[in-house]
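Notes follow the structure.
Note that this is a predicted model, so its numbers are computed, not measured. The figures here come from the full heavy-atom set of this structure, side chains too, leaving out hydrogens, waters and symmetry mates.
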Amino acid sequence: QVRLVESGGGSVQPGGSLRLSCAASGTIFKIYNMGWSRQAPGNQRELVASIDSGGNTNYEDSVKGRFTISIDNAKNTMHLQMNNLKPEDTAIYYCNAGVATTSSYGPMIYWGQGTQVAVSS
């Protein structure tokens with residue numbers, strides 16, 4: 001099994017910064033990709049940023065230039081640096097990862113429990 005544990009959420013004023021982390025543990029053969037999604041009350045979950053094992057990144061348009069995703073492959077840990085936060089960034093942020101637990105099978109998607117980010121004055 002694979003476990004994803006998020007940390008780093010909290011409350012911040014507009015223009016502030018937060019750094020989210022997601023640590024993967026368990027039976028890991030290879031992590032193919034990791035990402036952050038978020039869900040605000042009444043909204044669908046949306047993908048915010050993703051990164052693959054080669055370091056290729058993708059960002060949702062509203063966070064480009066403000067958020068930076070990175071991965072420490074040696075520690076199986078992903079980070080999301082969030083700068084210039086806006087009230088519309090308020091949501092529960094979920095970590096996800098595509099992980100193969102053996103060499104015999106392809107990756108499965110795993111999800112963390114989520115961490116709250118609140119941006120208000």
Side-chain angles (χ1 to χ4, degrees):
Q1 267 292 5
V2 175
R3 184 183 183 205
L4 301 179
V5 178
E6 300 107 332
S7 61
S11 298
V12 65
Q13 293 185 339
S17 298
L18 286 172
R19 187 178 190 236
L20 305 183
S21 296
C22 173
S25 62
T27 306
I28 299 172
F29 173 72
K30 181 179 179 180
I31 296 177
Y32 285 79
N33 51 69
M34 299 185 79
W36 289 96
S37 298
R38 65 187 179 188
Q39 187 167 19
N43 291 356
Q44 291 186 334
R45 190 175 298 190
E46 63 174 357
L47 180 65
V48 174
S50 64
I51 185 168
D52 64 21
S53 59
N56 301 300
T57 59
N58 281 291
Y59 296 94
E60 194 268 331
D61 285 344
S62 69
V63 307
K64 287 180 180 178
R66 300 188 297 123
F67 290 10
T68 303
I69 191 171
S70 62
I71 190 169
D72 184 336
N73 290 311
K75 297 182 179 180
N76 292 333
T77 300
M78 171 181 63
H79 304 288
L80 184 69
Q81 178 65 42
M82 305 186 295
N83 298 327
N84 190 22
L85 282 161
K86 303 177 180 180
E88 51 264 41
D89 295 318
T90 296
I92 299 175
Y93 283 68
Y94 297 92
C95 166
N96 63 80
V99 180
T101 56
T102 74
S103 61
S104 301
Y105 298 97
M108 292 180 60
I109 304 299
Y110 296 87
W111 289 87
Q113 293 299 307
T115 184
Q116 177 71 54
V117 171
V119 185
S120 68
S121 54

For this session: Under the side chain to side chain contact (heavy atoms under 4.5 Å, CB included) rule, what do Leu80 and Phe67 come out as? Steps first, then yes or no, please.
Result: CA-CA 7 Å; Leu80 184 69; Phe67 290 10; 4.1 Å; yes
Exercise. Is it true that Lys64 and Asp61 make a salt bridge, defined as a side-chain N closer than 4.0 Å to a carboxylate O?
Worked result: yes
Exercise. Looking at Leu18 and Gly8, what are the two nearest heavy atoms and their distance?
Worked result: CD2-O, 3.9 Å
For this session: Would you sort out whether Thr27 and Val2 count as a side chain to side chain contact (heavy atoms under 4.5 Å, CB included), showing the intermediate values?
Result: CA-CA 6 Å; Thr27 306; Val2 175; 5.6 Å; no
Problem set entry | Non-hydrogen atoms of Leu85 and Val12 that approach each other most closely | CD1-CG1, 3.6 Å
Seminar exercise, completed: Residues Asn73 and Ser53: closest non-hydrogen pair is ND2-O, 4.0 Å
Problem set entry | Any Lys86 side-chain heavy atom under 4.5 Å of Pro14 side chain | no
For this session: Check whether any side-chain N or O of Arg45 sits under 3.5 Å from a backbone N or O of Arg38 as a donor-acceptor pair, and report yes or no.
Result: no
Exercise. What's the verdict on side-chain hydrogen bond (donor to acceptor under 3.5 Å, both in side chains) for His79 and Ser70, showing C-alpha distance, side-chain angles and the deciding distance?
Worked result: CA-CA 5 Å; His79 304 288; Ser70 62; 5.3 Å; no
Exercise. If you take all heavy atoms of Thr90 and Ala40, which pair is closest and at what distance?
Worked result: O-CB, 3.6 Å
For this session: Might you point out which heavy atoms bring Leu20 and Met82 nearest each other, and give the distance in Å?
Result: CG-CE, 3.7 Å
Problem set entry | OG-CG distance between Ser21 and Asp72, expressed to the nearest 0.5 angstrom | 10.0 Å
Problem set entry | Polar side-chain atom of Thr77 near backbone of Lys75 as donor-acceptor pair, under 3.5 Å | yes
Problem set entry | Student check: side-chain heavy atoms of Glu6 and Tyr93 closer than 4.5 Å | no
Exercise. Under the side chain to side chain contact (heavy atoms under 4.5 Å, CB included) criterion, do Ser37 and Asn96 qualify, and how do the steps go?
Worked result: CA-CA 8 Å; Ser37 298; Asn96 63 80; 3.6 Å; yes
Problem set entry | Within one Ile-Leu-Val-Met-Phe-Trp-Tyr cluster: Ile109 and Val48, side-chain cutoff 4.5 Å | no
Exercise. If you take all heavy atoms of Ala97 and Met34, which pair is closest and at what distance?
Worked result: CB-CG, 3.9 Å
Problem set entry | Sidechain-backbone polar pair: Tyr110 side chain, Ala24 backbone, donor-acceptor under 3.5 Å | no
Exercise. In Å and rounded to the nearest 0.5 Å, what is the CD1 to OG1 distance from Ile71 to Thr57?
Worked result: 11.5 Å
For this session: May I ask you to test the Ser50-Asn33 pair for a side-chain heavy-atom distance under 4.5 Å?
Result: no
Exercise. Counting only heavy atoms not in Gln44, do more than 12 sit closer than 6.0 Å to its CD atom?
Worked result: no
Problem set entry | Donor-acceptor under 3.5 Å (Gln116 side chain, Ala91 main chain) | yes
Exercise. Side chains of Val99 and Pro107: does their closest heavy-atom pair fall under 4.5 Å?
Worked result: no
Exercise. Is a donor on one side and an acceptor on the other found under 3.5 Å between the side chain of Glu60 and the backbone of Leu47?
Worked result: no
Exercise. For Gln113, does the CD atom have more than 12 heavy-atom neighbours from other residues, nucleotides or ligands under 6.0 Å away?
Worked result: no
For this session: Give a yes or no on whether the backbone of Gln39 and the side-chain of Glu46 come within a donor-acceptor separation of less than 3.5 Å.
Result: no
For this session: Give a yes or no on whether Val5 and Val117 share a hydrophobic cluster (residues Ile, Leu, Val, Met, Phe, Trp, Tyr; joining criterion: side-chain heavy atoms under 4.5 Å apart).
Result: no
For this session: Give the cluster check for Ile28 versus Leu4: same hydrophobic cluster or not, with ILVMFWY residues linked at side-chain heavy-atom distances below 4.5 Å.
Result: yes
Exercise. Got a second to check how far Phe29's CZ is from Thr102's OG1, nearest 0.5 Å?
Worked result: 7.5 Å
Problem set entry | Residue pair Tyr59, Ile69: steps toward the side chain to side chain contact (heavy atoms under 4.5 Å, CB included) verdict | CA-CA 9 Å; Tyr59 296 94; Ile69 191 171; 3.4 Å; yes
For this session: Give, for atom OG1 of Thr115 and atom CH2 of Trp36, the distance between the pair rounded to the nearest 0.5 Å.
Result: 7.0 Å
Problem set entry | ILVMFWY network linking Val119 to Tyr94, side-chain heavy atoms under 4.5 angstrom | no
